[in-house]
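Just so you know, these numbers use all the heavy atoms, side chains as well, and skip hydrogens, waters and symmetry mates.
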Amino acid sequence: MILGIEGVSCVGKTTLAAQLSTHLNRPAVIPCYYHASPDPTLLPAPEPFTAEHQLANIAQFLDVEDLRLARARQALAEGRDVILDRTVDTLLAHAHAVGRMNGFDCDDQARRLVTSRPVAMPDLTIVLTADPDVLARRARLRKGMPTIFYDRHFSDHFNAYLAHPLAPAVALLDAAGSLDDLTARALDHVHRHQAAQHRPNPALGPHPLKEAS
């Protein structure tokens with residue numbers, strides 16, 4: 001399967017991905033766009049002020065998505081699971097958030113741009129949320145973290161988009177509490193989703209019924 005881990009910066013995506021990797025089938029953990037980029041210094045600034053600028057930024061990130069997709073395909077061909085640290089829904093959530101904060105709306109154009117190219121689409125996405133004050137405290141410990149990434153309004157708009165993502169199945173998890181508890185809750189969603197994919201649909205005979213968790 002392809003499992004996506006989503007949420008704003010500092011919410012614990014990379015930590016959860018590492019924890020889940022020990023429970024899945026030799027998974028390839030595909031890093032976020034920043035760490036997957038051959039040269040992160042060439043990535044665009046996080047806060048564009050026009051729709052045109054934002055759409056150009058998405059096109060640039062989709063070039064990095066090509067690299068992530070190649071890694072995901074290779075892992076699947078080897079019979080391994082895939083964990084995506086951020087998914088293409090991140091690009092659309094970001095566009096939605098900065099648009100609302102800067103007075104423009106390019107949501108439909110951004111969606112068409114993303115869906116016009118092959119991408120690594122998760123079977124299930126775990127969306128992590130956390131108290132904005134907690135995120136701000138964590139962000140201050142990260143040198144060079146752009147302030148927009150822990151702005152309360154940005155988080156609100158980002159998470160609002162993730163209520164209607166491209167991903168076909170989504171589980172929303174509060175990241176508060178222990179890492180072991182969060183991992184157990186995430187695995188519960190993974191196992192229930194996997195079971196749903198193997199549950200027969202009487203209307204279709206032996207074919208599996210694909211349904212959201």
Any chance the side chains of [X] and [Y] put a donor and an acceptor closer than 3.5 Å?
| X | Y | answer |
| --- | --- | --- |
| T14 | D85 | yes |
| T125 | E6 | no |
| Y161 | D107 | no |

Is the side chain of [X] donor-acceptor paired with the backbone N or O of [Y] at a distance under 3.5 Å, no angle test?
| X | Y | result |
| --- | --- | --- |
| N159 | S155 | yes |
| T90 | R86 | no |
| K13 | C32 | no |
| S37 | Y33 | no |
| S116 | L113 | yes |
| R68 | L62 | no |
| R138 | C10 | yes |
| Q197 | H193 | yes |
| N102 | V98 | yes |
| D89 | A167 | yes |

With heavy-atom distances below 4.5 Å as the criterion, would you say the side chains of [X] and [Y] are in contact?
| X | Y | answer |
| --- | --- | --- |
| P27 | V82 | no |
| L173 | H189 | yes |
| I83 | S21 | yes |

If you look at every heavy atom in [X] and [Y], which pair is closest and at what distance?
| X | Y | result |
| --- | --- | --- |
| L20 | A186 | CD2-CB, 4.1 Å |
| L16 | I126 | CD2-CG2, 4.3 Å |
| S9 | L135 | O-CD2, 3.8 Å |
| A120 | E65 | N-OE2, 2.8 Å |
| P122 | T87 | CG-CG2, 4.0 Å |
| L76 | M1 | CD2-O, 4.4 Å |

Quick check: is [Y] connected to [X] through a chain of hydrophobic side chains (ILVMFWY, heavy atoms under 4.5 Å apart)?
| X | Y | result |
| --- | --- | --- |
| L84 | F61 | no |
| L3 | M121 | yes |
| V11 | L187 | yes |
| L67 | L91 | no |
| L69 | I30 | no |

Donor-acceptor list for residues 40-51 side chains, cut-off 3.5 Å, not counting sequence neighbours:
from : atom 1 : to  : atom 2 : distance (Å)
T41  : OG1    : D39 : OD1    : 2.5
T41  : OG1    : D39 : OD2    : 3.4
T50  : OG1    : H53 : N      : 3.1

- Task: Determine, for D174 against R185, whether the closest basic-nitrogen to carboxylate-oxygen distance falls under 4.0 angstrom.
- Result: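 R185 and D174: not salt-bridged.
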
For the [atom1] atom on [X], are there more than 12 heavy atoms of other groups (residues, nucleotides or ligands in this structure) within a distance under 6.0 Å?
| X | atom1 | result |
| --- | --- | --- |
| H191 | NE2 | yes |
| R117 | CZ | yes |
| H35 | NE2 | no |

- Message: ring-ring contact (aromatic ring centres under 6.0 Å, His included) for F154 and H94? Distances and angles first, verdict last.
- Response: CA-CA 8 Å; F154 177 85; H94 186 98; 5.4 Å; yes

- Message: F104 vs Q54, test: side chain to side chain contact (heavy atoms under 4.5 Å, CB included). Steps then yes/no.
- Response: CA-CA 10 Å; F104 65 82; Q54 175 59 49; 4.1 Å; yes

- Task: Under the side chain to side chain contact (heavy atoms under 4.5 Å, CB included) rule, what do M101 and D151 come out as? Steps first, then yes or no, please.
- Result: CA-CA 10 Å; M101 296 175 72; D151 181 285; 3.7 Å; yes

- Message: Let's go through R192 and D188 carefully: what are the C-alpha distance in whole Å and the side-chain angles of both, what is the deciding distance for salt bridge (Lys or Arg N to Asp or Glu O under 4.0 Å) to 0.1 Å, and is it a yes or a no?
- Response: CA-CA 6 Å; R192 287 196 288 117; D188 179 61; 3.2 Å; yes

Return the [atom1] to [atom2] distance between [X] and [Y], rounded to the nearest 0.5 Å.
| X | Y | atom1 | atom2 | result |
| --- | --- | --- | --- | --- |
| R111 | I58 | CZ | CD1 | 11.5 Å |
| T129 | L162 | OG1 | CG | 10.5 Å |
| D81 | H23 | CG | NE2 | 13.0 Å |

- Item | V127/I5 under side chain to side chain contact (heavy atoms under 4.5 Å, CB included): CA gap, chis, key distance, verdict | CA-CA 6 Å; V127 177; I5 310 293; over 6 Å; no

- Kindly indicate, with the supporting measurements, whether the criterion side chain to side chain contact (heavy atoms under 4.5 Å, CB included) is fulfilled by L166 and L92. CA-CA 9 Å; L166 290 178; L92 298 177; 3.6 Å; yes

- Chi angles and distances behind the salt bridge (Lys or Arg N to Asp or Glu O under 4.0 Å) call for R100, D156: CA-CA 10 Å; R100 296 305 180 275; D156 288 345; over 6 Å; no

